[in-house]
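Heads up: numbering here begins at 1 and tracks the sequence. This one's a predicted model, so the numbers in the text were calculated from it and none came from an experiment.
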Amino acid sequence: MERETSDGYVFVVHYTVDAQDDTYNTNAYGSLGFERPEGDLIPFADLTEELVVGWVKDKFGEEKVTEIEDALQAQLDEQRSPTKAAGLPWAG
């Protein structure tokens, strides 16, 4: 997270979403900016992972969260059963 040191206001959250099955794994990552909320801030030391993940999900909205989850599942499916390959037929 990126914050202002004067009051702990978090203005950017960097996130990674991991997906895995028994064999394969993949992830998505990015950053989200946040507007300063009205009223009192939660002290930086009191922020929890659950709370901040909630902020990210709320900012994305349910549709975008589902889109990310579906894309990660598609990547796992592609790893499990590839539809594309590279190589040369004469290289061993």
Side-chain angles (χ1 to χ4, degrees):
M1 294 186 292
E2 295 180 39
R3 65 185 168 99
E4 291 185 7
T5 57
S6 62
D7 61 4
Y9 159 58
V10 174
F11 57 91
V12 173
V13 173
H14 303 278
Y15 65 88
T16 301
V17 182
D18 296 313
Q20 60 187 16
D21 62 18
D22 293 339
T23 306
Y24 301 101
N25 62 65
T26 188
N27 63 57
Y29 58 90
S31 300
L32 285 175
F34 289 89
E35 304 260 341
R36 180 180 285 277
E38 302 220 3
D40 293 332
L41 296 174
I42 299 169
F44 185 77
D46 293 345
L47 296 179
T48 64
E49 181 177 3
E50 181 179 358
L51 179 62
V52 176
V53 168
W55 292 350
V56 170
K57 286 183 172 183
D58 287 347
K59 178 95 172 175
F60 272 140
E62 189 175 323
E63 187 174 317
K64 182 68 174 177
V65 169
T66 299
E67 181 182 315
I68 292 169
E69 291 170 345
D70 290 349
L72 291 175
Q73 184 59 56
Q75 291 174 23
L76 289 175
D77 294 345
E78 178 67 21
Q79 289 178 35
R80 190 176 306 104
S81 301
T83 60
K84 298 173 182 70
L88 302 171
W90 58 86

Indicate, with yes or no, if Val52 and Tyr29 share a hydrophobic cluster defined by side-chain heavy-atom contacts under 4.5 Å among Ile, Leu, Val, Met, Phe, Trp and Tyr. no

With sequence neighbours excluded, tell me which residues meet salt bridge (Lys or Arg N to Asp or Glu O under 4.0 Å) with Glu2. none

Considering all heavy atoms of both residues, which atom of Lys59 and which atom of Leu32 are nearest to each other, and what is their separation? CG-CD1, 3.9 Å

What I'd like to find out is whether the side chain of Met1 reaches to under 4.5 Å of the side chain of Leu47, using heavy atoms alone. yes

CD/Gln73 to CG/Asp70 distance, rounded to the nearest 0.5 angstrom? 8.0 Å

Quick one: NZ on Lys57 to CD on Glu62, what's the gap to the nearest 0.5 Å? 10.0 Å

Is there a side-chain contact between Asn27 and Gln75 (heavy atoms, below 4.5 Å)? no

Hey, could you give me the CD/CD1 distance between Glu63 and Ile68, rounded to the nearest 0.5 Å? 11.5 Å

What pairs with Arg80 under side-chain hydrogen bond (donor to acceptor under 3.5 Å, both in side chains), at least two apart in sequence or on another chain? Asp21, Asp77

To the nearest 0.5 angstrom, please state how far the CG atom of Leu76 sits from the CG atom of Asn25. 7.5 Å

Hydrophobic cluster membership, Val56 vs Phe44, 4.5 Å side-chain cutoff: yes

Just jot down the side-chain hydrogen bond (donor to acceptor under 3.5 Å, both in side chains) partners of Gln20, sequence neighbours excluded, or say none. none

Provide the closest heavy-atom pair for Glu78 versus Lys84 in the form atom of the first, atom of the second, distance. OE2-N, 3.6 Å

Quick check: closest heavy atoms across Glu35 and Tyr9, and the distance to 0.1 Å? C-OH, 3.3 Å

Across all chains, not counting sequence neighbours, the side-chain hydrogen bond (donor to acceptor under 3.5 Å, both in side chains) partners of Thr5 are none

Minimum side-chain heavy-atom gap Arg3-Leu41 below 4.5 Å: no

Would you indicate whether Asp40, at its atom CG, is surrounded by more than 12 heavy atoms from other residues, nucleotides or ligands within a distance under 6.0 Å? no

The criterion is side-chain hydrogen bond (donor to acceptor under 3.5 Å, both in side chains); which residues satisfy it with Ser31, sequence neighbours excluded? His14

For Phe60, give me all partners under ring-ring contact (aromatic ring centres under 6.0 Å, His included), at least two apart in sequence or on another chain. Tyr15

